[in-house]
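Throughout, a chain's letter reflects where its sequence line sits, starting with A, and its residues are numbered from 1.
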Number of protein chains: 2
Amino acid sequence: MPRTPPQCPMDSILRLLMGPWTTHIIWVLSDQGPQRFGVLKRAVPGISTRMLTERLRMLQRAGVVWREQAETIPPAVTYGLTPRGNDLRGVLDAMGEIAERWKTEGVFEGDDLGGAASPNSRL
Amino acid sequence: MPRTPPQCPMDSILRLLMGPWTTHIIWVLSDQGPQRFGVLKRAVPGISTRMLTERLRMLQRAGVVWREQAETIPPAVTYGLTPRGNDLRGVLDAMGEIAERWKTEGVFEGDDLGGAASPNSRL
DNA sequence: CGGCATCCTATTAGATACTG
DNA sequence: CAGTATCTAATAGGATGCCG
């Protein structure tokens with residue numbers, strides 16, 4: 001439906017990060033190191049299996065995470081950040097800093113900003 | 001539906017940027033300077049009146065854009081980036097750089113990564 | 001355990017029309 | 001011109017259940 005005027009080179013990245021939960025996942029992988037599916041799921045409370053798989057697949061396609069499958073029974077699958085994933089961490093941190101600054105300026109005080117598709121909200 | 005474990009300080013920022021069209025709007029305002037509603041609308045092709053107003057209101061609430069209304073007839077309303085808005089521009093640029101780098105590494109080759117709520121796609 | 005496939009609903013955002 | 005209001009279509013994503 002909508003268009004994409006070629007402008008905005010960072011859109012592709014944003015589109016990547018934008019996905020629901022995406023940052024949480026990256027954050028956890030970056031912070032806690034490589035994790036197995038189940039652990040990851042528990043580390044991102046509220047996410048559904050479907051979502052988690054979908055996001056991981058997407059991040060994989062983007063070369064942001066790797067996936068290692070142990071063909072044991074039961075199977076054990078581990079995910080981790082690729083170097084490229086760490087690039088992103090940088091951006092996230094940059095945002096984190098600004099967020100921090102804004103917070104002390106009292107930006108996020110009231111109700112949420114009513115962004116858009118943001119599954120990371122109120123309980 | 002979902003939760004928000006307090007982690008991920010940058011989530012608030014992302015939630016802000018995540019909204020559809022949001023980056024485009026900021027980008028235009030940052031690139032073209034303050035603009036009137038109509039011009040803005042034409043600068044972000046495909047966006048609906050409703051969306052544009054909604055996004056602008058949201059960005060206003062976040063203190064990212066200012067709004068100046070001239071009570072003439074017909075009315076003339078102008079929007080521009082606040083200093084805080086320029087902070088964001090920095091983040092966007094950072095992302096842009098990475099995007100650029102990745103692009104030369106051929107990340108975004110195939111179909112889109114199927115992010116999430118991203119109205120800024122094909123067409 | 002990891003993760004598809006299915007189903008089903010809540011939300012979202014486009015189109016349209018009308019007002020100050 | 002700059003919105004608001006309404007109505008609707010599309011879809012994202014949660015829940016569930018089964019399979020390797």
Side-chain angles (χ1 to χ4, degrees), chain A residues 1-4 15-16 18-22 24-25 29 34-61 65-80 112-123, chain B residues 1-4 15 18-25 29 34-61 65-80 112-123:
Chain A
M1 27 213 46
R3 294 88 228 265
T4 300
R15 221 168 300 138
L16 184 92
M18 254 168 42
W21 307 107
T22 314
H24 256 91
I25 296 170
L29 287 180
Q35 299 291 336
R36 293 187 47 184
F37 187 90
V39 182
L40 209 44
K41 184 162 189 301
R42 263 166 267 127
V44 186
I47 196 173
S48 63
T49 315
R50 197 192 198 294
M51 255 291 113
L52 183 51
T53 344
E54 183 193 317
R55 297 285 90 190
L56 284 171
R57 289 275 133 73
M58 186 271 279
L59 291 170
Q60 232 185 305
R61 254 179 293 142
V65 311
W66 48 260
R67 188 191 119 113
E68 194 184 66
Q69 174 156 18
E71 281 299 0
T72 55
I73 297 183
V77 183
T78 308
Y79 295 89
D112 59 9
L113 305 161
S118 58
N120 305 10
S121 299
R122 60 183 108 261
L123 218 262
Chain B
M1 34 211 49
R3 295 87 226 266
T4 300
R15 220 168 302 139
M18 253 169 42
W21 306 108
T22 313
T23 49
H24 256 91
I25 296 171
L29 287 181
Q35 300 291 335
R36 293 187 46 185
F37 186 90
V39 182
L40 208 44
K41 185 163 189 302
R42 264 166 265 125
V44 187
I47 197 173
S48 63
T49 314
R50 197 194 197 299
M51 253 292 114
L52 184 51
T53 349
E54 184 194 316
R55 295 288 88 191
L56 285 171
R57 290 273 135 72
M58 186 271 279
L59 290 170
Q60 232 185 304
R61 253 179 292 141
V65 310
W66 48 260
R67 187 190 120 111
E68 194 184 66
Q69 174 157 18
E71 282 298 359
T72 56
I73 296 183
V77 183
T78 309
Y79 295 89
D112 59 7
L113 304 161
S118 57
N120 306 10
S121 299
R122 57 185 102 264
L123 214 274

**OP:** Drop me the distance from B:Leu59's CG to B:Arg67's CZ, to the nearest 0.5 angstrom.
**Re:** 13.5 Å
Original post:
Can you find a side chain N or O atom of B:Trp21 that sits less than 4.0 Å from OP1 or OP2 on C:dG14?
Top reply: yes
Measure all distances between protein nitrogen or oxygen atoms and nitrogen or oxygen atoms of nucleotides 5-7 of chain D, and list the pairs falling under 3.5 Å.
unit_1: D:dT6; atom_1: O4; unit_2: B:Arg50; atom_2: NE; d: 3.3

Original post:
Could you state the interatomic distance from CD1 (B:Ile47) to CZ (B:Arg55), rounded to the nearest 0.5 Å?
Top reply: 8.5 Å
Subject >> Derivation of the side-chain contact (heavy atoms from CB on, under 4.5 Å) call for B:Trp21 and B:Leu52 >> reply: CA-CA 8 Å; B:Trp21 306 108; B:Leu52 184 51; over 6 Å; no
Subject >> Nucleotide C:dC1, atom P - distance to CG of A:Leu56 in whole Å >> reply: 17 Å
Subject >> Where A:Lys41 and A:Ser48 come nearest, the two heavy atoms and their spacing >> reply: CE-C, 4.0 Å
Original post:
Given C:dG14, C:dC4, D:dA2, which nucleotide is nearest the side-chain atoms of B:Arg36?
Top reply: D:dA2
Original post:
Roughly how many Å is it from CD1 in B:Ile47 to P in C:dA13, rounded to a whole number?
Top reply: 10 Å
Subject >> Any B:Arg55 side-chain nitrogen or oxygen under 4.0 Å from OP1 or OP2 of C:dT12 >> reply: no
**OP:** Grab the NZ-C1' distance between B:Lys41 and C:dA13 for me, whole Å please.
**Re:** 13 Å
**OP:** Send over the distance from B:Met51 CE to D:dA2 P, rounded to a whole Å.
**Re:** 19 Å
**OP:** Starting at OG1 of A:Thr53, measure out to CZ of A:Phe37 and round the result to the nearest 0.5 Å.
**Re:** 4.0 Å
Original post:
If only side-chain N and O atoms of B:Tyr79 are considered, is one of them under 4.0 Å from the OP1 or OP2 phosphate oxygen of D:dC1?
Top reply: no
**OP:** Could you tell me the separation between the CD atom of B:Glu54 and the P atom of C:dT11, rounded to a whole number of Å?
**Re:** 14 Å
**OP:** Please work out if A:Thr53 contacts a base, only the sugar-phosphate, or nothing of the nucleic acid, heavy-atom cut-off 4.0 Å.
**Re:** sugar-phosphate
**OP:** Name every residue in residues 68-76 of chain A that has at least one heavy atom under 4.0 Å from any atom of DNA chain C, in order of residue number, or write none if there are no such residues.
**Re:** A:Pro74, A:Pro75
Subject >> Euclidean distance, B:Arg57 CZ relative to B:Arg61 CZ, rounded to 0.5 Å >> reply: 9.5 Å
Subject >> Length of the line joining A:Leu52:CG and C:dC4:P, which is rounded to integer Å >> reply: 11 Å
**OP:** Measure the CE-CG distance between B:Met51 and B:Leu56 for me, rounded to the nearest 0.5 Å.
**Re:** 10.5 Å
Subject >> Where A:Gln35 and A:Leu40 come nearest, the two heavy atoms and their spacing >> reply: CB-CD1, 4.1 Å
Subject >> Whole angstrom value for the distance that separates P of D:dG13 from CE of A:Met58 >> reply: 10 Å
